Peer 1: 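Right, I'll just put the structure down here and ask away after.
Values in this document were obtained by computation on a predicted structure and should not be read as measured data.
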Number of protein chains: 2
Amino acid sequence: MRILMVDDHPLLREGIAAVIAAQDDMSIVAEASSGPEAIDMFRKCRPDITLMDLQMPGMNGEEAIRNIVSEFPKARIIVLTNYSGDAQVIRAMKMGASAYLLKNMLRADLLDTIRKVHEGKHYLPSEVAGIIAAHMMDDALSGREMDVLRLVAQGCSNKEVGNRMHISEETAKSHVSSILSKLGARDRTQAVVIAARRGIIDILNGAP
Amino acid sequence: MRILMVDDHPLLREGIAAVIAAQDDMSIVAEASSGPEAIDMFRKCRPDITLMDLQMPGMNGEEAIRNIVSEFPKARIIVLTNYSGDAQVIRAMKMGASAYLLKNMLRADLLDTIRKVHEGKHYLPSEVAGIIAAHMMDDALSGREMDVLRLVAQGCSNKEVGNRMHISEETAKSHVSSILSKLGARDRTQAVVIAARRGIIDILNGAP
DNA sequence: TCAGCATACCCCCGATCGGGGGATATGGAG
DNA sequence: CTCCATATCCCCCGATCGGGGGTATGCTGA
């Protein structure tokens, strides 16, 4: 199996490379440390499996996945990341990922997953599956609600949200209300915290 | 140099181990994946250098550092973590860390830092130093303000903050006001986001 | 000793929030 | 074609927020 590894942490790449190198049916054929680089390398190498982190500077991993999958629908991509927010997992799988692993997993789990995915299977470890299951029944935020949420996280009042989105303050308020109800939050502050925990928005950087 | 490595990511440990193993003046003498385990291993092995992640399940790295340094004041600890919030860096250094590295650094940087720290030096990469410098003039939140901030992040109103802390709503309000002014936030929501970005609180889990 | 700070409390007041009740239009799914 | 989610706008109203003022305690470090 020819593997492309995409991650901006050289030390982690080293670790994965060591694990892969010890297998006689796998080899790392390319590495990338950013989204655009990942797309380039995929075009050049056509790997059987791609290991992809989601948190990277610049273009994030999700966009890279979407690009690769739209160009190469048969690409097998395994997401390997630190965070386990259900929304982030769902977005990645919708983009076309075949598996979603957390970085705190063991070597064996990584190797097992690579082999499963190579056989064409999809895979979610129970830890991740459980997180998704816990929010199966929740209905997702709509596009407008996401926009409002991001502005609220920047400290915008309802009036400012209205101005920036060119809608009335009343409309912004009603969006905020449904955000609170969908997320089960008591106020806008808790809504932002819950959304960050669940991977709905990324407050550490900026956009989703 | 005898090195103890503390991190809950086996794959990253593998990577660091590979890098260290290639050096003829260093070796990994022990590994730990949690705070208590780190303290145990330190007592048993008395390493020259300890590489420590801050984000770990259970006891966090900061507490482990404090425990180790109070028992072994000559311990040389290098923090190796993902996040770069200025408050987190400052807390770690106050706890007694000798250096603060980000996980996206190169092998060479890690090795350089290990050697510098082994000589008794302290070290902050310019990337990290810059983040601290940007907030040098800010005055830190007081203990009570931290308590209030954590409750606010949980969606508490001023009244609820007052009840939970056994102070009046008015006092809670005045704490919130100074939090807003110290963080430069427009409202409590933005205050929580800024505090999370700067590593003042950790909204992804719970406590600071 | 005394200034400075953190802590705690109080009042006022306009702005904002969040819940409640609506209404209308659009567009896609069944 | 009907149903439903989305999106937009409107009004009311009590609760909450955040800024402004002020007072008092106790600890600490210069």
Peer 1: Just jot down the salt bridge (Lys or Arg N to Asp or Glu O under 4.0 Å) partners of A:Lys121, sequence neighbours excluded, or say none.
Peer 2: A:Glu119
Peer 1: Excluding sequence neighbours, so at least two apart, what forms side chain to side chain donor-acceptor pair (under 3.5 Å) with B:Arg144?
Peer 2: none
Peer 1: Listing time: all N or O pairs from protein to nucleotides 6-11 of chain C that are below 3.5 Å?
Peer 2:
from   : atom 1 : to       : atom 2 : distance (Å)
C:dT7  : OP1    : B:Arg144 : N      : 3.2
C:dT7  : OP2    : B:Ser142 : OG     : 2.1
C:dA8  : OP1    : B:Arg144 : NE     : 3.1
C:dA8  : OP1    : B:Arg144 : NH2    : 2.7
C:dA8  : OP2    : B:Arg144 : NE     : 2.8
C:dA8  : OP2    : B:His175 : NE2    : 3.2
C:dC9  : OP2    : B:Ser168 : N      : 2.6
C:dC9  : OP2    : B:Thr171 : OG1    : 3.0
C:dC11 : N4     : B:Glu170 : OE1    : 3.4

Peer 1: Do A:His9 and B:Asn82 pair up side chain to side chain, a donor and an acceptor below 3.5 Å, judged on atom types alone?
Peer 2: yes
Peer 1: Checking B:Ser181 now: which residues fulfil side chain to side chain donor-acceptor pair (under 3.5 Å) with it, not counting sequence neighbours?
Peer 2: none
Peer 1: Reckon B:Asn158 has a side-chain N or O less than 4.0 Å from the OP1 or OP2 of D:dT16?
Peer 2: no
Peer 1: In Å and rounded to the nearest 0.5 Å, what is the CE to CD1 distance from A:Met93 to A:Ile65?
Peer 2: 9.5 Å
Peer 1: Would you list the atom pairs, donor with acceptor, under 3.5 Å between side chains in residues 161-170 of chain A and any protein atom, with sequence neighbours excluded?
Peer 2:
from     : atom 1 : to       : atom 2 : distance (Å)
A:Ser168 : OG     : A:Glu170 : N      : 3.3
A:Ser168 : OG     : A:Thr171 : N      : 3.1
A:Ser168 : OG     : A:Thr171 : OG1    : 3.1

Peer 1: State the CD1-CD1 distance between B:Ile203 and B:Ile201, to the nearest 0.5 angstrom.
Peer 2: 6.5 Å
Peer 1: Can you tell me if the side-chain N/O atoms of B:Lys159 get under 4.0 Å from OP1 or OP2 in D:dT16?
Peer 2: yes
Peer 1: Just distance, no hydrogens or angles: give the donor-acceptor pairs under 3.5 Å from side chains in residues 35-54 of chain B, sequence neighbours left out.
Peer 2:
from    : atom 1 : to       : atom 2 : distance (Å)
B:Glu37 : OE1    : B:Ser33  : N      : 3.3
B:Glu37 : OE1    : B:Ser33  : OG     : 3.2
B:Arg43 : NE     : B:Glu71  : OE1    : 3.1
B:Arg43 : NE     : B:Glu71  : OE2    : 2.7
B:Arg43 : NH2    : B:Glu71  : OE1    : 3.1
B:Arg46 : NE     : B:Arg43  : O      : 3.0
B:Asp48 : OD2    : B:Arg2   : N      : 2.8
B:Asp53 : OD1    : B:Gln55  : N      : 3.4
B:Asp53 : OD1    : B:Thr81  : OG1    : 3.0
B:Asp53 : OD2    : B:Lys103 : NZ     : 3.0

Peer 1: Distance from A:Asp112 atom CG to A:Leu101 atom CG, nearest 0.5 Å?
Peer 2: 10.0 Å
Peer 1: Who pairs with B:Thr113 by side chain to side chain donor-acceptor pair (under 3.5 Å), at least two apart in sequence or on another chain?
Peer 2: none
Peer 1: Rounding to 10 degrees, work out the angle separating the end axes of the helix from C:dT1-D:dA30 to C:dG30-D:dC1 (five pairs an end).
Peer 2: 50°
Peer 1: Which residues pass the side chain to side chain donor-acceptor pair (under 3.5 Å) test with A:Arg115, not counting sequence neighbours?
Peer 2: A:Gln23, A:Asp25
Peer 1: Please tabulate, one pair per line, each protein N/O and nucleotide N/O from nucleotides 28-30 of chain C that are separated by under 3.5 Å, including the distance.
Peer 2:
none

Peer 1: Residues in ring pair (Phe, Tyr, Trp, His ring centres under 6.0 Å) with A:Tyr100, at least two apart?
Peer 2: none
Peer 1: Which value, rounded to the nearest 0.5 Å, describes the distance between B:Ser177 atom OG and B:Arg188 atom CZ?
Peer 2: 9.5 Å
Peer 1: For B:Asp187 and C:dG14, give me the distance from atom CG to atom P, rounded to whole Å.
Peer 2: 21 Å
Peer 1: To the nearest Å, give me how far apart CG (A:Leu141) and C1' (D:dA7) are.
Peer 2: 15 Å
Peer 1: For each nucleotide in nucleotides 25-30 of chain D, reading 5' to 3', give B when a protein heavy atom comes within less than 4.0 Å of its base, S when such contact involves only the sugar-phosphate, and - otherwise.
Peer 2: ------
Peer 1: Whole angstrom is fine here: how far is it from CG in B:Asn163 over to C1' in D:dT16?
Peer 2: 14 Å
Peer 1: Whole angstrom is fine here: how far is it from CG in A:Leu180 over to P in D:dT16?
Peer 2: 15 Å
